[in-house]
Amino acid sequence: MNEVAYSGYIAFYLYLVMLLIQWIVATFSKSKQPDAVPGKINENLSHDSFVFRAHRTFHNTLENSALFVGTVLLAFVLNVQSPIFAIFIWTYLIARIVHMVLYYVIATEKNPSPRTYFFLIGVVANIAMLVILGLRLI
């Protein structure tokens, strides 16, 4: 296996680990709340609550996972071994990690918040990967 492909596999694996960590943080922070109900979050919570931010971080990642996972898996199936593609996988991963950390530590209702910029970096990286795949398929 060449180094470029291996790098992409590592980044994708770390993305899945990040997703697992977000699930654990969201689940356990919520379960420690008084009167916690499985599958429900208190509708009165907002950004000032870590439970809310952990829940939103995990769900925001889930909402964006389908496009990223689909893009990367299609690239793996097509045997895309482009250094640029690997850089975009890493860019997406790093942007999502920074987004996660900022969501955990900054309680703000402001829009755009600092995490918004890292969300957008991830979106742009994913669009770039889709363009690379589209060009490869032409």
Side-chain angles (χ1 to χ4, degrees):
M1 173 183 326
N2 79 37
E3 291 177 29
V4 172
Y6 186 71
S7 173
Y9 295 154
I10 292 293
F12 188 65
Y13 169 78
L14 292 174
Y15 177 80
L16 297 174
V17 169
M18 179 197 71
L19 189 58
L20 175 64
I21 290 168
Q22 288 180 2
W23 173 78
I24 290 169
V25 170
T27 298
F28 286 99
S29 67
K30 184 175 118 4
S31 69
K32 291 180 180 180
Q33 298 301 300
D35 303 323
V37 176
K40 289 187 174 184
I41 189 166
N42 184 331
E43 62 189 40
N44 297 321
L45 296 179
S46 188
H47 285 89
D48 60 334
S49 164
F50 181 79
V51 171
F52 175 85
R53 294 192 315 273
H55 175 80
R56 280 305 311 142
T57 300
F58 176 59
H59 281 268
N60 185 273
T61 299
L62 284 179
E63 292 160 4
N64 291 279
S65 284
L67 183 60
F68 175 71
V69 169
T71 301
V72 173
L73 290 181
L74 179 58
F76 290 166
V77 167
L78 294 174
N79 199 28
V80 172
Q81 297 190 15
S82 159
I84 294 170
F85 194 88
I87 288 169
F88 283 125
I89 296 173
W90 280 102
T91 301
Y92 185 89
L93 171 66
I94 292 166
R96 292 305 303 181
I97 289 171
V98 173
H99 176 271
M100 172 186 75
V101 170
L102 290 175
Y103 222 146
Y104 286 163
V105 299
I106 298 175
T108 182
E109 301 281 337
K110 182 181 171 192
N111 193 13
S113 74
R115 69 179 183 270
T116 303
Y117 302 109
F118 292 93
F119 170 83
L120 290 174
I121 290 168
V123 169
V124 169
N126 211 140
I127 290 169
M129 288 186 284
L130 284 170
V131 168
I132 291 169
L133 286 179
L135 294 172
R136 170 86 184 245
L137 291 170
I138 293 178

| message | Tell me if the CD1 atom of Ile24 is crowded by more than 12 foreign heavy atoms within 6.0 Å. | response | yes
For Leu137, the side chain to side chain contact (heavy atoms under 4.5 Å, CB included) test, sequence neighbours excluded, returns Leu78
Legend entry - Stepwise side-chain contact (heavy atoms from CB on, under 4.5 Å) check, Phe68 with Ile89: CA-CA 9 Å; Phe68 175 71; Ile89 296 173; 4.1 Å; yes
- Exceeds 12 heavy-atom contacts within 6.0 angstrom, atom OH of Tyr13: no
When you group the ILVMFWY residues by side-chain heavy-atom contacts below 4.5 Å and let the links chain together, are Phe12 and Ile10 in the same group? yes
Query raised in the report: Do Thr57 and Tyr104 have side chains that get closer than 4.5 Å, going by heavy atoms?
Result: yes
Residues passing the side chain to side chain contact (heavy atoms under 4.5 Å, CB included) test with Val124, sequence neighbours excluded, are none
I want to check something: taking the side chain as every heavy atom from C-beta on, are Thr27 and Phe58 in contact at a cut-off of under 4.5 Å? no
Got a donor-acceptor contact below 3.5 angstrom from the Ser7 side chain to the Glu3 backbone?
no
(message) Is there a path of hydrophobic side-chain contacts, each under 4.5 Å between heavy atoms of I/L/V/M/F/W/Y residues, joining Leu120 to Val101?
(response) no
For Ser65 and Leu19, the nearest pair of non-hydrogen atoms, with its separation, is OG-CD2, 4.2 Å
Nearest heavy-atom approach of Ala54 to Val25 is CB-CG1, 4.0 Å
Quiz item: With side chains defined as the heavy atoms from C-beta onward, is the minimum distance between Leu20 and Leu16 less than 4.5 Å?
Solution: no
Given the rule that I, L, V, M, F, W and Y join up when any side-chain heavy atoms are under 4.5 Å apart, are Trp90 and Leu130 in one cluster? no
Shortest non-hydrogen pair, Ala125 vs Thr91, comes out as CB-CG2, 4.1 Å
_Working for side-chain contact (heavy atoms from CB on, under 4.5 Å), residues Tyr15 and Met18_ = CA-CA 5 Å; Tyr15 177 80; Met18 179 197 71; 3.6 Å; yes
Taking every heavy atom of Gly122 against every heavy atom of Ala95, the minimum-distance pair comes out as N-CB, 3.8 Å
Indicate yes or no: at least one non-hydrogen side-chain atom of Phe88 is less than 4.5 angstrom from one of Asn126. no
Original post:
Is the side chain of Arg53 donor-acceptor paired with the backbone N or O of His47 at a distance under 3.5 Å, no angle test?
Top reply: yes
Heavy-atom side-chain contact between His99 and Asn60 under 4.5 Å | yes
Which label fits Phe76 and Tyr9: parallel for a plane angle under 30°, tilted from 30 to 60°, or perpendicular past 60°? perpendicular
Quick one: are Val123 and Leu67 in side-chain contact, heavy atoms under 4.5 Å?
no
Margin query: Run Phe118 and Ile94 through side-chain contact (heavy atoms from CB on, under 4.5 Å) and show every step you take.
Written below: CA-CA 9 Å; Phe118 292 93; Ile94 292 166; over 6 Å; no
Original post:
Any side-chain heavy-atom pair from Arg115 and Ile106 closer than 4.5 angstrom?
Top reply: no
Closest heavy-atom pair, Thr108 versus Ser113, reported as atoms and distance to 0.1 Å, is CG2-CB, 3.7 Å
Practice problem: Using the side-chain contact (heavy atoms from CB on, under 4.5 Å) rule, take Trp23 and Thr61 through it: C-alpha gap first, then chi angles, then the decisive distance, then the call. | Solution: CA-CA 10 Å; Trp23 173 78; Thr61 299; over 6 Å; no
- Query: Is it true that Ile97 and Ile87 fall in one hydrophobic cluster, defined by side-chain heavy atoms closer than 4.5 Å?
  - Reply: no
Hey, quick one: are Leu14 and Tyr6 part of the same hydrophobic cluster, counting side-chain heavy atoms closer than 4.5 Å, chains of contacts allowed?
yes
Any non-hydrogen side-chain atom of Arg96 less than 4.5 Å from a side-chain atom of Asn64? yes
